[in-house]
Structure formats: C-alpha cells, structure tokens
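Note that the coordinates shown come from a computational prediction; the quantities given were computed from them, not determined experimentally. Here, residue 1 is the first one in the sequence, and each next residue gets the next number.
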Amino acid sequence: MSSPTPDALLGPADVRELATALGVRPTKQRGQNFVIDANTVRRIVRTAEVRPDDVVVEVGPGLGSLTLALLEVADRVTAVEIDDVLAGALPATVAARMPERADRFALVHSDAMHVTELPGPAPTALVANLPYNVAVPVLLHMLDTFPSIERTLVMVQAEVADRLAAGPGSKVYGVPSVKANWYAEVKRAGAIGRNVFWPAPNVDSGLVSLVRRTEPLKTTASKAEVFAVVDAAFAQRRKTLRAALAGWAGSAARAEAALVAAGVSPQARGEALTVEEFARIAEHKE
C-alpha cells in the first residue's frame, strides 16, 4: 500500500482533478502517461541522486507530478513542455502547491528537440518521464546540446531502457546503445510498474541512468563521422561489416581496408563492437 500523499505532491485524485479542470485527456500521439503515485516520483528523484545544488531540466512534465518532487530537493528546475494547455497550467500548479519554491521554477514552452538554450544557470542534471515515441532522439539531443548535464535519469518504455543500456553482443544492442555510450556510462536503474500511471500503459517502464564521461571519447574522428559508421553498421545489422559499410566507405574493398586498419574483423557485425571501435573505424575512412 502507498503511504498517504504529502500535500505538495500530486496523488491519483489530484491528477484526475487537474486533468478534468484543464479538459486534458492524455494522448497516444504524444505518448502521454501521467504518473499518479507520489512514492514513485520520490523514488525517481532519489535514484537520480538529485542534490540541493542541482539545476535540473525536466522534459515532458505533464501535470507536474515529477516537477514538484524535483523542486523539493533541487536548487532549480526548468521544465520543457510542448503541449499548450499543460505548459500554460504548470506554473500555476507549482505556485499553488509549492509557493515557497515557485521562484526556483522555470517553464520553457517548446518542443524539446528544438531547445538549444535554457533560462538561468546551466543544467547539471536531466530527469524526465520521456514520452515513449520520442525518448531516444530527445535524450540524445539534450545530452548533445547541454554538455553541463552530468547525470541523467530517464523513465522510458522497458524495451527502450534495455536497448539504451545494452552492451556489445546483446541482441538488443544497437544504434541507441552506441550513441548513448558516446556521451555517458549507461545502466538500467530499476523497473516501474504500469499501475503508477494514468492511463495505465500496455507496456512496462524502466529507469535508465546515464553518467556523463568525465573525459570525452579519445578519437580524432568527429561525433558526426562516428555516428555515420554506427548508422551504416546497424542499417543492415545481419550483414558483415565489410558489406554493411560498403556504402559508407565507397566500396566493400574500402570498407575492408578501414576495418583492418582499425583492428576490426571485416567479418564482424555491428552488434559486437564498442563505441571506441566504431570511432577507430571512422578514423580510417579513406
């Protein structure tokens, strides 16, 4: 049984009441599922290791369940919300339920994929319940755009969580795994049941922790060059790298030359390679 919801945080009745007052129905198109359990949002904040000096950016705050829990702990919270109605309502929710922290909250009404700057101090952490349909591109965009983000904890569909945290050799290791690893050490950080959401999704959710690399990956290739190799390798993941990278290199023979120079077997497949190996291949493109 859940313990009673403290006044400031949103419980199931609060979420439904707010949604009704705003005329909001969660939409599948935006992958909206609102968290209705105060213990779950507190657990997310704890797992994210949010500190009193953190400047947290949250993507897709919805009605504000996680936002309020973050404001209890962090120095500042900036929420990025695309939905007109939700973006319009959130500042009032924060002011009503946590007036003493309202000056530490900022709202950016925008599509997170287009955000290139945020108000106030640079963010140190990203904590978000990411909409299922855009989770990976939004995560990668935020990590790329805001290098000051040291720690990230995202709640995503369990399958996406597995993919992000997968290592080489795993069946689900792929483009998201390698690209996330370019920026950070990635690991699964827990599971979230369906009953803490409204409406309850028909998939399980998982938490993924990303701790930014203290030193960027050592390579003379650019991120764009490395990502081009990754995309090519997994576009035809059943093929050997010699065949899969032929288009990228200009021919199968050139792909083979780059692979040999990088110390990677031309018969290997993309799912066996680390991000460091992809970077070495990128360095040897003729």
**OP:** Report the C-alpha separation of Val77 and Arg104 in whole Å, then their side-chain angles, then the decisive distance to 0.1 Å, and conclude whether the side chain to side chain contact (heavy atoms under 4.5 Å, CB included) test is met.
**Re:** CA-CA 6 Å; Val77 176; Arg104 297 186 172 274; over 6 Å; no
**OP:** Using the test side-chain hydrogen bond (donor to acceptor under 3.5 Å, both in side chains), find all partners of Thr124 that sit at least two apart in sequence or belong to another chain.
**Re:** Asp54
Strictly below 4.0 Å, N to O, side chains only: are [X] and [Y] in salt-bridge contact?
X      : Y      : result
Asp14  : Arg97  : yes
Glu150 : Arg212 : no
Glu225 : Lys285 : no
Glu276 : Arg280 : no
Glu72  : Arg46  : no

What about [X] and [Y], same hydrophobic cluster or not, with Ile/Leu/Val/Met/Phe/Trp/Tyr joined at side-chain heavy-atom distances under 4.5 Å?
X      : Y      : result
Val211 : Val55  : no
Val154 : Val134 : yes
Val35  : Val24  : yes
Val85  : Leu107 : yes

Subject >> Qualifying residue for side-chain contact (heavy atoms from CB on, under 4.5 Å) with Phe197, from Thr40, Asp37, Ile192 >> reply: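 Per the side-chain contact (heavy atoms from CB on, under 4.5 Å) rule, the option paired with Phe197 is Ile192, out of Thr40, Asp37, Ile192.
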**OP:** With side chain to side chain contact (heavy atoms under 4.5 Å, CB included) as the test, would you mind laying out the steps for Tyr183 and Leu217 before giving the verdict?
**Re:** CA-CA 8 Å; Tyr183 300 102; Leu217 207 69; over 6 Å; no
Original post:
Closest heavy-atom contact between Ala106 and Pro119?
Top reply: CB-CG, 4.0 Å
Subject >> Whether Trp182 and Phe227 hold their rings parallel, tilted or perpendicular, with breakpoints at 30° and 60° >> reply: perpendicular
Original post:
Would Glu271 and Phe234 count as a side chain to side chain contact (heavy atoms under 4.5 Å, CB included) if you check the C-alpha gap in whole Å, the side-chain angles of each, and the deciding distance to 0.1 Å?
Top reply: CA-CA 8 Å; Glu271 63 208 45; Phe234 286 103; 4.2 Å; yes
Original post:
Would Val56 and Leu126 satisfy side chain to side chain contact (heavy atoms under 4.5 Å, CB included), going step by step from the backbone distance to the final call?
Top reply: CA-CA 6 Å; Val56 179; Leu126 165 64; over 6 Å; no
Original post:
For the atom pair CZ (Phe34) and CD1 (Ile36), what is the distance rounded to the nearest 0.5 Å?
Top reply: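 CD1 of Ile36 is found 11.5 Å from CZ of Phe34.
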Subject >> Glu100 atom CD, neighbour heavy-atom count above 12 within 6.0 Å >> reply: yes
